[in-house]
Amino acid sequence: MFFAIFLLVFTFGQEKKIEFTKELNYTSYSTNIGNKPLPTFKLLSSNKGEFLTSLEMNYLPIHLFSNEIGIIPVKLGFNNILTSSMFVNYFFFGSIYNKSDKKPSEVTVKNLNSKETILGISCNNYLLSYPYGNPEYDPSDEIATEKIKICIDEKNAINNVPVVSSIINELSNAKLSNSNLKGLVLKVGPGESKTDDYIIIKSIKDTQNYAFFDQRKAMMQQQRTADSLLVERIKYESEFNSEHEMADSMQVAIMDSAYIDEGLSVEKYVSTYKKKPEEGSYAIDNLPNKRMWEMLPTHCTDLNKNLPILEDKNFATHLKNLTGQLCDLYLTQSESHNVAIKITIDEIRREFLFINAEKEKLNKSDQKKVNQYLEKLD
């Protein structure tokens, strides 16, 4: 599953519920990558041309939402809410204040008049060509022509060509606009290379996944951050030139990282920790990546197995919730976590108050079990 499945359902302001009906799984093949793990791709597709693309590169999950408007990196949050991810925007698509103001160049399309059959589906091969390189920001970067071969089932109701086009546009400022090319992309590979490197679809499944997303809010937040970064960058370059100082690339990278934090919007704190929410589940129940278990204490792997058996069942429920919420908090060490941080902290505060107030009311046997349990946790 792509998302943590929660029992709790809220009304989400301006968030739109997006219902996905198809899951497309792609895998990569390469002859030159050695023992490194190859990227894998999953696309959730709605009936309205909306896609949630999840790719994993070197164990790092990256999520991209795309529709007819364009593509935006997102994070998966509490109760399937998508929010803008500046981390992915910065490190995957490049520094966001380096976006070119020039009009995007055109991606040219050539019909190769050849076919392939994948998963029993016939597809037609096309060659996409576009300029690659941006010497405006990197003088050592030369303009070259990138060529990609894609195999498309043009009769398919699923049209994920815009996903490919949006990624090309973000990475190379080239747009596939003057073309009627559409359909289900079954295979992507280098246009003229003789290597066997390519991405190919492995399965097409029905699904009932969903997400909530306020795209307008996410895009506005991304633009505010980009504007803030640009202002700070201009200020920094002006000071640098006036003082004739030299800074190495490491210092610049550190400064750029600091600017990202300054550009983020901040929500005002509202005290809600004493209000008990309806029952939900834990982020550790649906980790985005199995390797994230390595950052958790061992008792988090099976909460029910390690919990003491108490006569006071209500107290046992609060004890389990405290432990589960603390486990979730450890996940926030990773940028790719799916933890609702404020809700988790509120839960921990509320449970600490309850346990401190009620522990002395337990019988001696239960008190001993609770103390032993808390002391041995790790």
Side-chain angles (χ1 to χ4, degrees), residues 1-24 41-56 61-89 92 158 160 162-163 166 205-225 264-270 272 275-289 292 324-325 328-329 331-332 334-347:
M1 297 290 289
F2 270 69
F3 312 110
I5 305 300
F6 293 90
L7 299 179
L8 183 60
V9 177
F10 294 104
T11 299
F12 296 106
Q14 297 301 314
E15 278 89 0
K16 169 189 173 184
K17 184 175 183 180
I18 302 164
E19 296 180 334
F20 300 107
T21 57
K22 293 291 183 181
E23 177 183 312
L24 314 175
F41 302 80
K42 287 186 179 180
L43 275 71
L44 293 182
S45 168
S46 78
N47 290 329
K48 299 180 180 179
E50 301 154 315
F51 293 90
L52 182 62
T53 303
S54 177
L55 59 147
E56 186 173 296
I62 295 171
H63 306 286
L64 309 168
F65 177 83
S66 56
N67 57 10
E68 73 281 356
I69 297 175
I71 194 166
I72 181 172
V74 294
K75 293 188 293 186
L76 302 180
F78 180 75
N79 210 50
N80 297 7
I81 297 180
L82 304 179
T83 56
S84 174
S85 173
M86 300 312 300
F87 170 81
V88 174
N89 210 334
F92 182 69
I158 300 174
N160 62 351
V163 177
S166 295
K205 304 176 182 178
D206 292 331
T207 185
Q208 294 183 343
N209 268 303
Y210 64 92
F212 294 92
F213 189 38
D214 186 342
Q215 187 176 12
R216 180 175 178 274
K217 176 181 177 182
M219 296 183 75
M220 289 177 62
Q221 178 182 342
Q222 178 176 287
Q223 187 60 51
R224 284 197 301 268
T225 303
L264 295 178
S265 61
V266 177
E267 293 187 13
K268 186 176 180 180
Y269 171 76
V270 178
T272 55
K275 182 179 179 181
K276 177 176 171 35
E278 297 179 34
E279 189 65 28
S281 61
Y282 305 112
I284 57 173
D285 294 336
N286 293 274
L287 296 186
N289 189 301
M292 295 177 73
Q325 299 295 345
D328 279 1
L329 198 60
L331 292 176
T332 61
S334 169
E335 174 67 26
S336 58
H337 71 80
N338 57 353
V339 179
I341 297 177
K342 183 180 184 299
I343 293 176
T344 300
I345 294 174
D346 282 352
E347 283 282 276

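Note that these values count all heavy atoms, side chains included, but never hydrogens, waters or copies made by symmetry. Numbering starts at 1 and runs along the sequence shown.
- Atom CD in Gln208 sits 12.5 Å away from atom CD in Glu23 (nearest 0.5 Å).
- Residues Lys17 and Phe212 share a closest heavy-atom pair of CB-CE2, 3.5 Å.
- When each of Asn160, Leu55, Leu64 is paired with Leu43, the side-chain contact (heavy atoms from CB on, under 4.5 Å) condition holds for Asn160 and for no other.
- The distance from atom CG of Asp328 to atom CD1 of Ile343, rounded to the nearest 0.5 Å, is 11.0 Å.
- Closest non-hydrogen pair, Glu50 versus Phe20, comes out as O-CE2, 4.0 Å.
- Counting heavy atoms from C-beta outward, Lys342 and Asp346 have side chains that approach closer than 4.5 Å.
- The line from CG of Leu52 to CG of Leu82 is 6.0 Å long, rounded to the nearest 0.5 Å.
- What you find for Gln325 and Thr344 is that their closest heavy atoms are O-CG2, 3.3 Å.
- Side-chain contact check for His63 versus Thr53: every heavy-atom pair is 4.5 Å or farther apart.
- Counting only distance, with no hydrogens or angles, the side chain of Ser166 and the backbone of Val163 share no donor-acceptor pair below 3.5 Å.
- Exactly one residue among Asp206, Asn209, Asn47 makes a side chain to side chain donor-acceptor pair (under 3.5 Å) with Lys22. That residue is Asp206.
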For this session: Assess whether salt bridge (Lys or Arg N to Asp or Glu O under 4.0 Å) is satisfied between Asp214 and Lys16, documenting all intermediate values.
Result: CA-CA 6 Å; Asp214 186 342; Lys16 169 189 173 184; over 6 Å; no
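- Rounded to the nearest 0.5 angstrom, Asn67 CG and Ile18 CD1 are separated by 7.5 Å.
- For the atom pair Phe51 CZ and Leu24 CG, the distance stands at 7.0 Å (nearest 0.5 Å).
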